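Small disclaimer: the values here were computed from a predicted structure and weren't measured.
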Amino acid sequence: MREANVVCRQQGCGNVVAASRGRLVEKGRIGVRLYGRCRGTESSIRQCGIRRGPGFCNGGYYHHVTCSESVRLVNGSGLCSGRVEVKSNQSWASVCEADFDQQDAELVCRDVGCGAPAALQGGLYGGGGGQTWDKEFQCKGNESLLLDCDTSDRKNNTCLPGNAVGLTCSEPDDVRLVGGGSRCAGGVERYDQGEWRTVGAEDRDQENVAAVVCRQLGCGSTVSVPPGNTTGGIRVSCYGSESSLRECLTSYDLRPGLTVICSDLLVQPDIFLTDPMGGVFRGHQGPEMFRGYNFTITCSTQPQYPGGSLLLTFTGSNRTQTQPAVNHSAAFLFPAADDSHQGNYSCVYDNYVFSHNFSSESELLSLAITASPLPAFIIRHVVVLLILLTTITTSYLYYKVKTFTQMLQVI
C-alpha cells in the first residue's frame, strides 16, 4: 500500500481505496519493476527506484490501484483515519469542523473504502496549515460522493486554527472468519471483486497475516494459527503492523487457506438479578435490594461451544462461586440479603476450546442493600395472604358460575 499511496499522490487523487496484483488490463504492454520499496512519502513513483525493460514482469506482478477522486484523509494512523481534505481547483483544502457533520462523515468514509464513522473531531489530526474549504456541506445521505452534496456559503467566513475536521472511520467490513463457531475463529475470507474469497499465506507470513486479521476484527491478539484447509486462496503478505488486511500485499496466485484463532473468542456473558418476593427495585445507581430478602444472580452466555463454567466474582472480596454452564447458564442463590452483599458482581465464562483456555467477563452489576420500609416477615405474610385470597376468590367464582349453568340446564 505504500507504493499505491505514492501512485495516488502522483496522479493528484485521494486515498487508496484498493490495491492488488493481477493480470494487466491491457495486454502487450511492457511493465517496469520497482527496485526496493517506497517509503510512502514520495511524490512520484520514480523516487522509489525502478528498472525498465522486458522480462521483469509477468501476469502475477502487475499492480492495480484504485484511488478516491475528490476526498482524502491525511496524517492519520492508517487508511481510514486522518484530517479531511477535499479537492478544490486542482489543490487540496482542509474542511472546517463547523461545516461538517455526521452525514458528511458517512459519505467520506464510504468514498475512501472504509466502514462507518467512529470519531469526528476538530484538530484530531492536525490543524491543516494550507488552504481551507470555504463552503458548508449540506448532504442528504443519498449522494455517492461528498462533492455531490449541495453546498452553501459558510456562515462564519473564518475557520479558527485547529478546527480542521479530523475523522476516524471503522475498518471496512471485508474480512471474516468462518467455520469456527465464533466471529473470532475460523478460516479467513476476504470480500474481493464482488465475492468472498479464501485467504492464504506463505508459511513465513501466516503469523503476520493472522495478527492483522485479529486486529481488524477487533478480536484481540492471535492465539494460534492451526493448519488451514486445502482450498486454494488468494495470497496475502503483511508486515503485521497494518490496521486492516487491505493494507497488505495481495496477489492471485493461490495458497492453502489460512485458519486463525483470536484471543477474544468467547462472547461476553450476561449477568442479571432476580428475586421471587419483590424485594428488588431500580435505584438511582442501579438495582437495590431490601435487607433480609433472598435473591438470585444469573450468569448466561450464548451457545457457542459445549461445556465450560461460569464464575461469579464479588469485587472487593475473595468470595467467588463457580458452577458448570448447564444449558449455557448458571444461577447463584443468596438466601438473605445483608450489608455484606453490597458491591459489584461480574460473571466470568471459562471454556477450553481449540486446545487453549479462553475466558470472557461480563459487565459489572452494582448492587446496593437498603432497609425495607416494612419488616420482611410482614411483607412475606401479606404476599401469602394475597395469594390465598386470590385463590379462594377464583374458586368461589368458578363454583357460582358452574352452579348457575347447571340450574339453567335443569330449567
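The shortest non-hydrogen separation linking R183 to G218 is NH1-O, 4.3 Å. Nearest heavy atom pair, residue G180 against residue Y305, reads O-OH, 2.6 Å. Between L107 and L146 the shortest heavy-atom distance is CD1-CA, 4.3 Å. Across every non-hydrogen atom of S309 and Y349, the tightest pair is O-CD1, 3.4 Å. Between S243 and R215, the shortest heavy-atom contact is CA-CD, 4.2 Å. Taking each heavy atom of V209 and C238 in turn, the nearest pair found is CG2-SG, 3.8 Å.
Judged by distance alone, the side chain of R72 and the main-chain N or O of V86 form no donor-acceptor pair under 3.5 Å. Side chain of T370 to backbone of F290: no donor-acceptor contact under 3.5 angstrom is found. Checking side-chain atoms of N208 against main-chain N and O of D205 turns up no donor-acceptor pair under 3.5 Å. Checking side-chain atoms of Q102 against main-chain N and O of L120 turns up no donor-acceptor pair under 3.5 Å. Side chain of N351 to backbone of P306: a donor-acceptor contact under 3.5 angstrom is found.
Salt bridge status for E189 with R197: absent, with no side-chain N to carboxylate O gap under 4.0 Å. A salt bridge between R291 and D339 is present, with a side-chain N of the basic residue lying under 4.0 Å from a carboxylate O of the acidic one.
Of the candidates T320, V348, I297, T298, L312 forms a side chain to side chain contact (heavy atoms under 4.5 Å, CB included) with just one, namely I297.
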Give the C-alpha distance, both sets of side-chain angles, the deciding distance and a yes or no for ring pair (Phe, Tyr, Trp, His ring centres under 6.0 Å) between H341 and F295.
CA-CA 10 Å; H341 294 126; F295 64 95; 5.6 Å; yes
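With sequence neighbours excluded, no residue satisfies side-chain hydrogen bond (donor to acceptor under 3.5 Å, both in side chains) with Q268.
Side-chain atoms of T222 and I261, non-hydrogen and from C-beta on, never get closer than 4.5 Å to each other. Side-chain contact check for F358 versus V223: some heavy-atom pair is nearer than 4.5 Å. Counting heavy atoms from C-beta on, the side chains of N344 and L365 never come closer than 4.5 Å. Using a 4.5 Å heavy-atom cutoff, the side chains of Q216 and D174 are in contact. Taking 4.5 Å as the limit, every side-chain heavy atom of C80 sits out of range of all side-chain heavy atoms of S170. Annotation: side chain of P117 is in contact with side chain of C109 (closest heavy-atom distance under 4.5 Å). Side-chain contact between I369 and L367 is present, with heavy atoms from C-beta onward closer than 4.5 Å. At a threshold of 4.5 Å between non-hydrogen side-chain atoms, the residues V267 and T301 count as touching.
For the cysteine pair C219 and C184, the distance separating the two SG atoms is below 2.5 Å.
Judged by the 6.0 Å distance and 45° axis criteria, R176 is positioned over the aromatic ring of W196.
The neighbour count for E363 CD, taken as heavy atoms of other residues, nucleotides or ligands under 6.0 Å away, does not exceed 12.
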